[in-house]
Amino acid sequence: MESVSERLASVRERMSCALRKAGRATDSARLVAVSKTFPAEAIATVREAGQLLFGENRVQELAGKVPVLPQDIEWHPIGHLQANKVRAAVNLAAWIHSIDTADLLRRVIRIAAEENRAPRLLLEVNVSGEASKFGMRTDEVEATVAACPTPLLCGLMTVAPAEATETELHRVFASLRELRDRVSAATGQPLPELSMGMSGDFEIALAEGATLVRVGSAIFGHRDYTAGAPG
Ligand SMILES: *Cc1c(COP(=O)(O)O)cnc(C)c1O
């Protein structure tokens with residue numbers, strides 16, 4: 001069986017290949033290792049293998065892990081953020097990927113100022129329009145950015161449909177990139193970051209311009225939701 005550090009090395013190698021194939025610099029995208037449901041010991045092993053950026057879905061789970069892990073880890077909340085968890089998230093996170101309404105964006109900006117923190121923020125967009133998904137509609141993004149000018153906002157994030165074909169995945173990721181280009185041009189807000197791509201589709205996302213990929217199971221292995229809190 002492959003070790004966690006071998007799987008991490010393999011994901012990094014696949015990222016480099018995909019970036020080279022796309023004519024992009026190999027340092028133009030970052031890997032966020034998604035550690036939801038995995039214990040602190042597993043995260044510590046991946047950290048020892050050189051990985052610094054970790055993603056978690058639930059703020060409560062994140063808050064339990066932060067104090068027992070190396071302080072140089074950069075934490076990325078990537079799951080739906082409840083209003084009453086914003087202060088905790090702002091105090092723990094370097095980035096927040098999952099700002100899914102204009103109200104939440106305003107709240108995060110206000111609380112970040114109160115806490116003297118500057119997390120980098122991404123708007124989550126439901127590109128495919130699935131009813132089961134969080135994220136704002138594509139036609140809400142421009143008004144949201146225009147209404148809340150802030151240097152904290154630095155890009156867009158999406159989760160592709162689970163059952164999509166390769167062609168559909170290219171279309172979803174390209175749509176997020178094109179939306180970013182349009183919104184950035186219309187509002188003057190620089191939005192250089194695109195958080196897209198997971199274990200099953202990160203190479204396609206990199207071909208379409210991802211600057212952050214969120215990879216969980218390809219590094220940590222299969223998630224067992226029954227053993228702990230759901231993601
Ligand atoms: C769980 C999760 C991931 C990682 O998924 P894998 O398929 O395990 O790589 C990425 N992004 C979000 C938003 C997630 O919830």
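When a residue number appears, it is its place in the shown sequence, counting from 1. Just so you know, ligand 1 is whichever comes first in the structure, and atom 1 is the first atom listed for that ligand.
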Which of the atoms of ligand 1 are close to [X], meaning less than 4.0 Å from one of its heavy atoms?
| X | result |
| --- | --- |
| I78 | 11 (N), 12 (C), 13 (C), 14 (C) |
| R214 | 4 (C), 9 (O), 10 (C), 11 (N), 12 (C), 13 (C) |
| G216 | 4 (C), 6 (P), 8 (O), 9 (O) |
| V215 | 9 (O) |
| S199 | 6 (P), 7 (O), 8 (O), 9 (O) |

**Request:** Would you check, one step at a time, whether the test salt bridge (charged side-chain N to carboxylate O under 4.0 Å, His left out) holds for E142 with R182?
**Result:** CA-CA 8 Å; E142 183 181 328; R182 283 198 304 279; over 6 Å; no
Quick one: do [X] and [Y] make a salt bridge, cutoff under 4.0 Å?
| X | Y | value |
| --- | --- | --- |
| R14 | E203 | yes |
| E193 | R30 | yes |
| R110 | E114 | yes |
| E61 | K36 | no |

**K36 contact mode with ligand 1 (heavy-atom cut-off under 4.0 Å)** =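 The answer is the side chain of K36.
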**contact_flag H97 ligand 1 heavy-atom lt 4.0 Å** = no
**Asked** Any side-chain donor paired with an acceptor under 3.5 Å for R20 and T26?
**Response**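 Per modelled atom types, R20 and T26 side chains form no pair under 3.5 Å.
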